[in-house]
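What you see is a predicted model, and the numbers here were worked out from it, not measured in a lab. Below, chains carry the letters A, B, ... as their sequence lines are ordered, and counting in each starts from 1.
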2 protein chains.
Amino acid sequence: MHCGEMGSRWGFNRTIGQMCGLLIITKNPMTANEIADALSISRGNVSMGIKELQSWQLIRVQHIPGDRKEYYAPAGDIWDMANRVFEERKKREIEPTLTLLRDNLLDEASNDDELYAQKQMGEIHNLLETVTKWSSELQRLTPEQLNKLMKLGSGIGKVIDLKDKIFKKE
Amino acid sequence: MHCGEMGSRWGFNRTIGQMCGLLIITKNPMTANEIADALSISRGNVSMGIKELQSWQLIRVQHIPGDRKEYYAPAGDIWDMANRVFEERKKREIEPTLTLLRDNLLDEASNDDELYAQKQMGEIHNLLETVTKWSSELQRLTPEQLNKLMKLGSGIGKVIDLKDKIFKKE
DNA sequence: ATTTAGTTTCTGAAATTACTGAAAGTTATT
DNA sequence: AATAACTTTCAGTAATTTCAGAAACTAAAT
């Protein structure tokens with residue numbers, strides 16, 4: 001139920017949130033009908049939800065030999081799923097804006113106000129670009145490196161300073 | 001207009017998104033009426049929007065001496081604002097879940113299925129906690145350090161390995 | 001105390017989004 | 001080819017969200 005309430009904050013809707021939560025905490029893969037029963041929602045709704053969750057790559061189908069039904073299970077572990085949600089949201093929340101800003105920055109400003117507007121848009125553009133670049137590079141780290149990095153916390157500041165000192169001459 | 005379309009993805013609604021965008025790209029502070037006119041929306045709607053944007057700490061009131069009207073302007077620079085949105089969303093999207101998970105993990109599992117559910121919830125809990133901790137520690141860095149870190153990109157992997165080598169003995 | 005210039009709150013209408021249930025579609029089995 | 005066991009689509013309905021505009025409120029100026 002909580003996943004339902006949070007669903008829309010996380011980028012989908014109530015039912016879809018519930019479905020996702022249910023599949024995560026349920027040990028065995030479930031059929032569409034089982035999902036509908038468990039959450040008291042219509043079969044059709046489940047079908048739509050499945051489609052949506054698949055488009056987020058959060059669930060996958062599993063076939064059980066000798067059984068014709070389709071069984072659904074989470075696709076990957078919790079970390080994988082979080083990553084996918086993050087990526088998908090980046091695509092929806094950041095990329096369109098980045099494109100628009102780029103286009104706008106190409107126009108020539110014809111007065112002071114426009115100049116100011118462009119300056120501000122430039123700032124936003126830089127910020128978003130930095131964030132996307134950084135986040136995709138984080139994903140390139142091995143889980144082990146990532147773990148170390150997280151544990152480091154704000155200690156990272158010291159490491160950066162250290163690195164600076166060592167390579168000062170370059 | 002684009003800020004309007006994106007508004008709901010960013011956590012507020014169309015009108016509020018537009019208001020925020022307008023205030024950012026406009027050089028001088030604006031009155032509520034100017035905002036209403038510029039966006040062709042009702043005065044009441046602007047008032048609600050202002051309240052909401054203030055709750056996100058994205059805009060601030062400015063009084064102009066000898067003028068009775070209230071003027072509104074963005075609160076802080078782009079980076080500040082992004083930070084606030086990020087913080088606010090963390091509060092809305094992560095913290096409630098963290099609380100719920102903690103409560104649930106205190107219950108004793110009474111069978112195998114519950115045990116599995118708890119294991120999964122534990123995973124989510126860890127993930128969310130790591131992310132929140134890390135993000136709040138990043139904010140403790142000076143803007144300069146942060147900038148260096150961002151520029152480092154995937155080079156961060158090498159720096160971590162370096163640090164490991166140096167402090168191997170500890 | 002009244003007027004005036006402004007802000008906020010609130011109601012119901014409009015627009016959007018989500019959901020159901022029935023019908024259509026698909027695929028394995030006989 | 002017909003049936004049976006499922007899944008998907010879709011039209012209409014229900015629920016939610018957003019919004020305008022009127023009414024209520026507040027405070028400065030007279």
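Between Gln62(A) atom CD and dT7(D) atom C1' the separation is 18 Å, expressed in whole Å. The separation between Ile41(A) atom CD1 and dT20(C) atom P is 6 Å, rounded to whole Å. Per the geometry, CG belonging to Asp67(A) stands 10 Å off C1' belonging to dC6(D), to the nearest Å. One can place CD1 of Ile16(B) at 8 Å from P of dC19(D), the figure rounded to the nearest angstrom. As rounded to whole Å, 10 Å separates atom P of dT20(C) from atom CG of Leu39(A). Here dT8(D) presents its P atom at 14 Å from NZ of Lys69(A), a figure rounded to the nearest Å. Between the CG atom of Asp37(A) and the P atom of dC6(D) there is a distance of 13 Å, given to the nearest Å.
The residue among Met48(A) and Gln54(B) whose nearest nucleotide of DNA chain C lies closer to the 5′ end is Gln54(B).
Residue-level contact check: Arg14(A) touches the backbone only, with heavy atoms under 4.0 Å from sugar-phosphate atoms and none from bases. Within the nucleic acid shown, Ile50(A) has no heavy atom closer than 4.0 Å to any nucleic acid atom. Using a 4.0 Å heavy-atom cutoff across all strands shown, Thr15(A) reaches sugar-phosphate atoms only and no base atom. Within 4.0 Å of Asn45(A), counting heavy atoms only, lies at least one base atom of the nucleic acid.
Linking ILVMFWY residues whenever their side-chain heavy atoms come closer than 4.5 Å, directly or via other members, places Leu39(A) and Ile25(A) in the same cluster.
Residue Asn13(B) places its side chain closer to dT18(D) than to any other of dT8(C), dT18(D), dT7(D).
An OP1 or OP2 oxygen of dC19(C) is reached within less than 4.0 angstrom by no side-chain nitrogen or oxygen of Ser42(A). At dT7(C), none of the side-chain N or O atoms of Lys51(B) fall inside 4.0 Å of OP1 or OP2 (strictly under the cut-off).
A salt bridge links Glu88(A) and Arg92(A); the closest N-O separation between the charged side-chain nitrogens and carboxylate oxygens is under 4.0 Å.
A distance-only check finds a donor-acceptor pair linking the side chain of Gln120(A) to the backbone of Ile24(B) [under 3.5 Å]. No donor-acceptor pair under 3.5 Å is formed between the side chain of Glu129(B) and the backbone N or O of Asn126(B). The backbone N or O of Ser42(A) lies less than 3.5 Å from no partner atom in the side chain of Asn45(A), so there is not a single donor-acceptor pair. Remark: side-chain polar atoms of Arg14(A) are not paired, donor with acceptor, to backbone N or O of Gly4(A) under 3.5 angstrom.
One can find a donor-acceptor pair under 3.5 Å joining the base of dT27(C) and the side-chain atoms of Arg68(A).
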Evaluation steps, salt bridge (Lys or Arg N to Asp or Glu O under 4.0 Å), between Glu93(A) and Arg89(A):
CA-CA 6 Å; Glu93(A) 298 176 5; Arg89(A) 288 180 71 171; 3.0 Å; yes
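With the end axes of the helix from dA1(C)-dT30(D) to dT30(C)-dA1(D) each set by five pairs, the angle from one to the other reads 10° at 10° resolution.
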